[in-house]
Amino acid sequence: MRSSQELKLKGIPVSPGIVIAPVKIFKRKRAQVKERILKPTEIEDEVSKFTKGTEKLISVLNELKMETKEENLARLLDVEISILNDTEMQNDVILLIRNKRRNAESAISSVFNNRKESLLKHESSYMRERANELERLGMDLIAMINDDYSREDFGFDGIIATESLSIEQALRIVRSNAKGVVTEVGGRTEHSALILRNFEVPTVFGIEKITKLVEDGDTMILDGGKGVVIINPMDSTLNRYFFIKSGYERYESGLASERDLPAITVDGKEIGLYANIDIPEEADRLLDLGKYGIGLFRTEMVFNEYSSDEEKQYQIYYDIAKKVYPNSVTIRSFDVGGDKFYSDYTEENPFLGLRGIRVLLEEQEVFERQIRAVIRANVHSNIRFMIPMVSNYEEVLEAKKIFLRNKKLLEKQQNNVNQPRFGVMIEVPSAVFILEHIAELVDFVSIGTNDLTQYTLAVNRKSLRVSKLFNHLHPAVLKLIQITTDICREKNIVVASCGEMASDPYGVVLLVGFGIDEISCPSSRILEVKSLIRRINLSDAEQIAAEAVKKSNHRAVKDLVGEYLKSVMPELLEFYE
Amino acid sequence: MKERKVPIKNKLGIHARPATLIAQTANQFESDVYICKDDIEVNGKSVLGLMMLVAPQGSEITIRCEGADEEEAIEAISKIIEEGFGEE
């Protein structure tokens, strides 16, 4: 029920920034379908509501498709356009309206549900997937006919409130005028979250029932850095937030003034600062922030579209390497689960199952295709190739063999083959404890703090019930990082870090203190991380890191580091939680 | 009338995107297009119809085209199916 009181709600901070704006509720998932029997005089109006709505939407979607440069989105739009164009579907719906006098929404719902039900009669998970896909498309169409999905939603320049957010919607939002996003469910590391963060749309996830608590046009305050949403703010609250907002904007422009300066500590250690990206387009944005390399190019989006197309992959990797030159790009091999290969395959516990390198070694053709594309793309010798999820020495050995074999094969076919540097992600505790052996096989490692935390603490960060136990400041996680950086220093290989910890100010102080060489974070955090590094004294950070691993819990670590942050960059704590 | 059997090569079979590709291609031709699998026959110009086929990887479907441009239609449709819709 809508609340008339000022209410401050705490959710998950996804993308920083403060917005004070009217809200619009974006209902899409499971719109309520009301069945109604039409009066005879209404029938032809209902038919035309359906046909006109369908036509209008086809043209809106076509327009969106022309505008987008994102191929994934273009293909999704293509599917929706074809469903709308399907004459069999249209005829079935019109027949139900004319003969059974059903309203358009319920007629559409019946047409899709009938098909869905007959698919569900087949037992295989293959057909169940088809059925779910059909249901989703049906709901899309109803939302479209209801006009919930019209172009105006994307021209709207306030805060969008929605139950959940698909990648497709996130991509639409970043191309729209929307100023902020709040959802009921979702996690920080979901792809839709990454997209919103990279395009700097202030966002808070996980505010229960938010779409029920507000109505279109209500004023909302959204603080993406703190994960806070305030509805029905009183005048005094509004004034306070206008004040904070202007402070935040001053703070941001302060960060921008250091744009062209290096990430170097007060006592002179330079840290390599890199960006994480998901889609090639994001590399363009990096240029506005100064010249940076890419410390983590996640290739799962590439996998979804081009896992069987070496040429297309080559083109993508080549373009990115050229764009960031003379800096480097670290391409992480496909980090996908077994379900992407075997449609009947489900893993009882996917995080402990067939995933990352384990899949790549089983699906060698796909792995080798990517390896060849990566090696061929290394024209400017600035590509690094990285293997995800290693837990055993043999896996790294095998992956390296395949990598070198393909390099040799390519050398027979073309001149000037440049071998990319070869590295692994450190994200499973067992890899840390055998790192001195793995180190013999690799040129660099990158600590993936999200998975390392998950596997060390046995906590699924997406779990509704236990995600609060997830914390990368846990002393056990810090000890593993310390062992990793110590071994890398001894073996003289580059040690980097990507993952949430590398953009969390507390994490940055500790990583620097442990002796990390490179930090890779979302592009939206680069300037903040740089400003912080420029205020840190390496010798202070080393001392703090050495203290931190002796603490009993993450709270004590946070207090310890917080004390230091307060003394070197107090303004940062104001806008980060 | 032209008829041809083709194997499904991509891992996920005829899901929404391949169905879209088949229907888009079929709609470029005047001829009627039917796709059959076991004892089910669907209209090749209908995305929803195509999604009803239980046609996973390794199965075989039959394309049937009837009309003035049946030759060209069957060629074009077989081609995209045989290429696995550009998917794994």
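To find a chain, count down the sequence lines: A is the first, B the second, and so on, and within it residues start at 1.
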Q | side chain to side chain contact (heavy atoms under 4.5 Å, CB included) partners for A:Ser82, two or more places apart | A | B:Thr20, B:Gln24, B:Val47

Q) Heavy-atom count around A:Glu311 CD within 6.0 Å, excluding the residue itself: above 12? A) yes

Q.
To the closest 0.5 Å, what do you measure between NZ (B:Lys45) and CG (A:Asn85)?
A. 13.0 Å

Q. So how far is it from A:Asp92 CG to B:Leu48 CG, rounded to the nearest 0.5 Å?
A. 8.5 Å

**Q.** Nearest heavy atoms of A:Arg115 and B:Met52, plus distance in Å
**A.** O-CE, 3.3 Å

Q: For B:Lys79, enumerate each residue passing the salt bridge (charged side-chain N to carboxylate O under 4.0 Å, His left out) test, keeping only those at least two apart in sequence or located in another chain.
A: B:Glu83

Q) Which atom pair, heavy atoms only, marks the closest approach of A:Glu88 to B:Gly49? A) OE1-CA, 4.1 Å

Q. What distance separates A:Asp86 CG from B:Met51 CE, expressed to the nearest 0.5 Å?
A. 10.5 Å

Q.
Does B:Lys2, at its NZ atom, have more than 12 non-hydrogen atoms belonging to other residues, nucleotides or ligands within less than 6.0 Å?
A. no

